[in-house]
Amino acid sequence: FELHAKLADTFGAESIGYRRMTCVNCGVGQGGTKKWLDRAGSGSIMGTEETTAQVHPRKLTERFAAEAQKAGCQVVIDTVSGVQHGDDGSVKG
C-alpha cells in the first residue's frame, strides 16, 4: 500500500492507474445469488481509502519499462515458447 502510494507520487497517479478506494465484502446466500451490492445482504467494509488502493497492472508495468529505458536499460518484449524443469520440478535456464 505504502509503496504504491509512493510510486503514484513519483510517477503521477493517473499514469499508473492508482486510486484509493473503499473495499466491501459482500456475502452471497446459500442456494442463490444476490444482486450486485444488494444493500439488504450481508457485508462488511474490508478497507477504506486510508488503507486500500489499487494500481492498473499494465499501466504500472509499462511505466516501469519506460523508466528502465530512460535509465539506459534495454527492455525485451517476447513470448515464452516453453519451460524446462529440473528433476526436482524447479525451473531451469
Side-chain angles (χ1 to χ4, degrees):
F1 176 79
E2 291 174 12
L3 175 58
H4 287 154
K6 188 174 181 179
L7 291 170
D9 287 342
T10 301
F11 299 141
E14 182 63 30
S15 74
I16 63 170
Y18 174 84
R19 65 183 182 133
R20 290 177 176 249
M21 60 185 6
T22 296
C23 182
V24 179
N25 174 22
C26 298
V28 176
Q30 270 188 342
T33 61
K34 290 187 174 266
K35 292 180 182 176
W36 181 242
L37 293 179
D38 179 359
R39 295 197 186 271
S42 63
S44 61
I45 293 181
M46 295 172 55
T48 68
E49 291 184 12
E50 300 301 318
T51 62
T52 309
Q54 68 179 176
V55 296
H56 188 285
R58 183 178 186 140
K59 287 182 176 183
L60 180 61
T61 301
E62 288 174 346
R63 186 62 191 251
F64 282 154
E67 293 297 319
Q69 287 174 317
K70 284 183 193 176
C73 296
Q74 179 184 3
V75 176
V76 177
I77 299 173
D78 208 340
T79 303
V80 175
S81 61
V83 177
Q84 294 180 345
H85 292 91
D87 293 337
D88 62 355
S90 63
V91 176
K92 299 181 357 175

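Just the heavy atoms: all of them, side chains too, but no hydrogens, waters or symmetry mates, feed the values below.
- Residues E14 and K59 are in side-chain contact: their nearest non-hydrogen atoms beyond the backbone lie under 4.5 Å apart.
- Salt bridge status for E67 with K70: present, with a side-chain N to carboxylate O gap under 4.0 Å.
- Side-chain contact between L7 and V55 is absent, with no heavy atoms from C-beta onward closer than 4.5 Å.
- Applying the side-chain hydrogen bond (donor to acceptor under 3.5 Å, both in side chains) definition to pairs two or more places apart or across chains, none involves residues 72-87.
- When all heavy atoms of T51 and G47 are compared, the closest pair comes out as OG1-CA, 3.5 Å.
- At a threshold of 4.5 Å between side-chain heavy atoms, the hydrophobic network of Ile, Leu, Val, Met, Phe, Trp and Tyr places V91 and V80 in one connected group.
- At most 12 heavy atoms of other shown residues, nucleotides or ligands fall within 6.0 angstrom of atom CZ in R19.
- Side-chain contact check for F1 versus E50: every heavy-atom pair is 4.5 Å or farther apart.
- Salt-bridge check for E62 with R58: passed, with a basic side-chain N closer than 4.0 Å to an acidic carboxylate O.
- Here the straight-line distance linking atom CD1 of I16 with atom NE2 of H4 works out to 7.0 Å at 0.5 Å rounding.
- The backbone N or O of P57 sits less than 3.5 Å from a side-chain atom of T61, completing a donor-acceptor pair.
- Atom CD of residue E49 and atom SG of residue C23 lie 12.0 Å apart, to the nearest 0.5 angstrom.
- Under a hydrophobic clustering in which Ile, Leu, Val, Met, Phe, Trp and Tyr are joined whenever their side-chain heavy atoms come within less than 4.5 Å, directly or via other members, F11 and L3 fall into the same cluster.
- Interatomic distance, CD of Q69 versus CZ of F64, reported as 14.0 Å (0.5 Å rounding).
- One distance of note links OG1 of T52 with CE of M46; it measures 8.0 Å at 0.5 Å rounding.
- S15 and R63 get closest at one heavy-atom pair: OG-NH1, 3.0 Å.
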